[in-house]
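One structure below.
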Amino acid sequence: MSRPEPGASPLCRLPLEDDHFHDQCGLFGIFGHPEAAHLAYMGLYALQHRGQESAGIAASDGKRIRLEKGMGLVNDVFTEERLDSLAGDRAIGHVRYSTSGDTVASNAQPYLIECHRGPIAIGHNGNLVNATILRHELEAAGSIFQSTSDTEVILHLYARSHRERLEDAIAASLYKVMGAFSLVFLTPDALVAARDPWGFRPLVLGRLGGAAVVASETCALDLIDAEYVRDVEPGEVLVADADGVRSFKPFPPEPTAHCVFEHVYFARPDSLVFGRNVLDSRLRLGRQLAIEAPADVDVVCPIPDSGMGAALGFARESGIPFEWGLIRNHYVGRTFIQPRQGQRSVGVKIKLNPVRQVIEGRRVVLIDDSIVRGTTSRKIVHMMREAGAREVHMRISSPPTTGPCYYGIDTPLKSELIASSHSVEEIRRFIEADSLAYLSHEGLLKAVGDDADRRHCTACFSGRYPVAVTVPDESQLRLFEKARA
Ligand code: SF4
C-alpha cells in the first residue's frame, strides 16, 4: 500500500463513532410455508437492527438443505436469484453483529454441516461462556473447527451425540454448554428452536396460517402478517415437523435472567420482548428518570435514536416540552472515508446535527440510554453549546455501565467503560455537562416490570453475573482486538 503525501487526503476507512453496547444477532425460522425463504428474508429485514455484518438463510425442501449467506446487510447479500435458489417450505435465517469470533465470512451464519445424522444448519443468538474449554476438549478428541465462533461447538457436540431422536441429540449437546443461547436448527425434516434456561436473549413463537414461525422479536412476525403465539420459554426446546409443533423442557430450571438491555436499547420499540412492549418500557424508564433526577430546563431533547422513548417519557412526566434538538442522518453506514487528517470528531457530526432554532439560548436536557466510553457524549455536549445552548444537562435512562457482557453483547473491556473507574461527578466533568444523572438500579427494574416470575440480568450495571464465566475475558479480548483492528 502506498503512503499518502503529507497533507493529502489519506482516504482511510474509519469506523464511525458509536458509543453503545451492540446487539448480537437476530434469528428467524419457519416450517410449513411454500414461500419459506422469501419470508425468512423479510423476517431478517425486520431484524436488521440486531446485526449488520452478515446475513444468511438455509432452506430445505425435505431432501437437502441449501444455504446462501454473505457479509453485509440483508439487502446486500440477497438477490432474487439467490432467494429463488432456496427451495422448500422450511427455512432458518440469521443476521449477525460479531460477538465471539472474528469479523470474517467464515463466521457468517447459519452454519451448515453434514454429519452421520445427515445435514443440519444452525443459527445462534447469544454467547457460550464455556465455549473455549469445550473447544479445547473437542479439538483434543479430534474435532476440526472451521470458524472461531462459539456456535460451532454446539454442532460438534451434536455430531458426537449417540442419541437417536433429533431433539434428544440437540438437548444432549445443549446440556453441556453454559451461557446464553437462543437457537434455530434446520434439518431436512424439522425446524428446532431452543432457548437457554435463563432466557437471556429473546425468542418468540408465531403462526402464519398452518406454518410455525420463530423469531428474535415480534416485529419480524408483524412484517409477514404472522400471529404472535407466545415466547419460547426459557429452557424450552420446540420441534416443528410434519406432525406439528411439540415442546419439551430438558434442562433443570434456573431463575430467569432476561437481558434488561433489550428493553433499554437493543430491541425495536414496536416489538414485544419478554412479554412486554419495548416502547412502553422506554416510556416508563424516562418517566422514572424524571421522578428520580428532575432537571430545571426549558426543553427535553432525545439523543436519536437511542434516547427517543425515554425522552418522551421524561417530557410527559416532567411537563417540559419535548423537541428535536438533534437530528440524525439515517443514511450513513458504519464506516467513512476520512477526508483530511485532524478532523477526528467528524464521525459524530456525520450522524448528528443540532437544530440551532430549537436550542439557542435555552436550557436543554439531553436524554440517552447509556454512556459507554463517554467520548461521544462529550462531543454531543460540545456541539450543543456551539449551537447556542445556555445549559446542557444529561440524563441517562439506565444505571452506569460498569462491567462487560459475556452473554452475547458486543461491549468493550471493563477498563474502557468510563463508569467502571469514574464517579458520576467525574464523568460529568469529562463530558462537560452542567449536570449528569443516571437512573437507579431499582428504578430500572421497576420500569421493565421485574418481578418474581420475570427476573432480569443487570450484570453490566451491577456486576452480579447470573452464570459464572469460566474463562473471563477470552471472548472479551477477541472483541477488543477486533475493535482496535
Ligand atoms: Fe444484557 Fe448487560 Fe446482562 Fe449482557 S450483562 S445480558 S447486556 S444486562
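As the structure lists them, so they are numbered: ligands from 1, and atoms in each ligand from 1. Each residue takes its place number in the sequence, starting with 1.
The closest protein non-hydrogen atom to atom 1 (Fe) of ligand 1 is C259 SG, 2.3 Å. Closest protein heavy atom to atom 4 (Fe) of ligand 1: C405 SG, 2.3 Å. Looking at atom 7 (S) of ligand 1, its nearest protein heavy atom turns out to be I409 CG1, 3.6 Å. Atom 2 (Fe) of ligand 1 has its closest protein heavy atom at C460 SG, 2.3 Å.
A cation-pi arrangement, defined by a distance under 6.0 Å to the six-membered ring centre and an angle within 45 degrees of its axis, is absent between R201 and F181. Because its NZ or CZ atom is not both nearer than 6.0 Å to the ring centre of F274 and within 45° of the ring axis, R454 does not count as a cation-pi partner of that residue.
The environment of Y175 atom OH is sparse: at most 12 non-hydrogen atoms of other residues, nucleotides or ligands sit within 6.0 angstrom. Within a 6.0 Å sphere centred on CZ of R207, heavy atoms belonging to other residues, nucleotides or ligands number 12 at most.
Using the six-membered ring where Trp is involved, W324 and F322 have ring planes that are perpendicular, over 60° apart on the 30 and 60° scheme.
Not a single N/O/S atom of C457, whether from backbone or side chain, sits less than 2.8 Å from atom 2 (Fe) of ligand 1.
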